[in-house]
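Below: one structure, written as structure tokens.
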Number of protein chains: 2
Amino acid sequence: MPRAGLTQARVVDVAIALVDERGLAALTLAAVAQRCGVAAPSLYKHVSNIADLRTLVGVRVLQEMTGELATAISGRSGADAVASLMWAYRDYVTEHPARYAAMPVDPLHQPQFAKAGWRMLEVIQAALRPWGLDEPNLIHAIRAARVIVHGFASLEAAGGFGLPHGLDETFERVIRMFLATLPEL
Amino acid sequence: MPRAGLTQARVVDVAIALVDERGLAALTLAAVAQRCGVAAPSLYKHVSNIADLRTLVGVRVLQEMTGELATAISGRSGADAVASLMWAYRDYVTEHPARYAAMPVDPLHQPQFAKAGWRMLEVIQAALRPWGLDEPNLIHAIRAARVIVHGFASLEAAGGFGLPHGLDETFERVIRMFLATLPEL
DNA sequence: AGGGTTAGCTATTGCGATTAGCATAAAAGC
DNA sequence: GCTTTTATGCTAATCGCAATAGCTAACCCT
């Protein structure tokens, strides 16, 4: 009986593919095992349980998205960088709507997510740096940015907008709305 | 063996209490049955299955929230009404954080939710009426309002904001941000 | 080649959802 | 009031998924 050559990373790959295709609710150990060509209990050699697998998927998504955001702001600054960041956030979600549901909403409070969560926060902070906001104003600005970007993304990913008609325009407007609240540069 | 006197409405009451206390993930037929003092299969006399129960809970929450929103704008108009509406939305969520997760994000597309969903939409439209926006602008405005209010509420309900310090101030700012994008009255 | 480690397997348990079929309480008809 | 009907709750049983225990064989290293 030959080995399947699984690793934790491969299991997570398969899990993400499954989520992409059938939604987050379809992420079960049984389904992942089947796709890996392995019996379900075998997966326990690579992940400790289903909660662990979900966490690993979440971390992956968070990291992947952070990478996209970092790329989006590189070489840009000011309003240009912020707009690019917000578009990259939305783009990630429209490209992988099901994955977004796997991303933790409060990464900073869960040890497994903390590192990846802080990295994303740093990227956002970097984009806002040119404004030189003091501590409380920076916090409000980051919160507002998250509200907009997460609100839009989660509604869109869940099909909450009804007709997709003119969604790009709506997104453009909320970005302008946000930028308008930042002191002029 | 005396009857428990269950009705669909009572089952939903119990389900909501369960969600409030232990979170949406704890909503199982087994747990509801136990709280009703009844064997699990007995619940099938009142709901068709677990998905049905979840839907019924979602409809309840949607209706309840719509009621709060309607109350919040009654007797007000213009920016006052909109701000009151948005605060009422957030207040509902902070008072019943777990319930919010039971509310459908795209009510208009699911027959069971459509009626309650349209009612909520009407309330929001009513608040925006004084601006006399034309069709496309009204759509953008409603979307933006939902993005803000849902983004904030879902982040807060999920503990996504870290320190709750200054959250009221943040919310006030995003409301002002939204109102500023509406043409002056 | 041999010994330890590791990846996979089968068997089993437990829990929740769901269905089938039974019994009786409650309501409706006479 | 008594019968008939309906509806509510029950037990028993099945299915799917998570999880654990214990076995075996593949891989790695010397």
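Just so it is clear: chains get the letters A, B, ... in the order the sequence lines come, proteins before strands, and each one is counted from 1.
- By the side chain to side chain contact (heavy atoms under 4.5 Å, CB included) test, B:A83 is found to be paired with B:I175, residues two or more places apart in sequence or in another chain being considered.
- Counting to the nearest Å, the P atom of D:dA7 and the CZ atom of B:R3 are 10 Å from each other.
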Throw together a table of side-chain donor-acceptor distances under 3.5 angstrom for residues 100-117 of chain A, partners on residues two or more places apart or in other chains.
unit_1	atom_1	unit_2	atom_2	d
A:Y100	OH	A:Y89	OH	2.6
A:Y100	OH	A:H150	ND1	2.7

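- For the contact set between residues 33-47 of chain B and DNA chain D, defined by any heavy atom under 4.0 Å, the members are B:V38, B:A39, B:P41, B:S42, B:K45, B:H46.
- With C:dA25, D:dA25, D:dG9 as the candidates, the nucleotide lying closest to the side chain of B:A4 is D:dG9.
- For A:A40, the side chain to side chain contact (heavy atoms under 4.5 Å, CB included) partners are A:A33, not counting sequence neighbours.
- Just one of A:F161, A:F152, A:F178 meets the ring-ring contact (aromatic ring centres under 6.0 Å, His included) condition when paired with A:F171; it is A:F152.
- The distance from atom CG of A:L6 to atom P of D:dC27 is 13 Å, rounded to the nearest whole Å.
- The side chain to side chain contact (heavy atoms under 4.5 Å, CB included) search around B:A98 returns B:V19, not counting sequence neighbours.
- Residues passing the side chain to side chain contact (heavy atoms under 4.5 Å, CB included) test with A:R129, sequence neighbours excluded: A:A126.
- In this view, A:W118 satisfies the ring pair (Phe, Tyr, Trp, His ring centres under 6.0 Å) rule with no residue, not counting sequence neighbours.
- Residues of residues 48-61 of chain A that place a heavy atom closer than 4.0 Å to DNA chain D, in numerical order, are A:N49, A:I50.
- Among pairs with a residue in residues 33-45 of chain A, those fulfilling side chain to side chain donor-acceptor pair (under 3.5 Å) read A:E21-A:R35, at least two apart in sequence or across chains.
- Non-hydrogen atoms lying under 4.0 Å from DNA chain D are contributed by A:T28, A:L29, A:A30, all within residues 19-31 of chain A.
- Applying the side chain to side chain donor-acceptor pair (under 3.5 Å) rule to B:N49 yields no partners; only residues at least two apart in sequence or on another chain are considered.
- In this structure A:E64 satisfies the side chain to side chain donor-acceptor pair (under 3.5 Å) test together with A:Y92, A:R99, sequence neighbours excluded.
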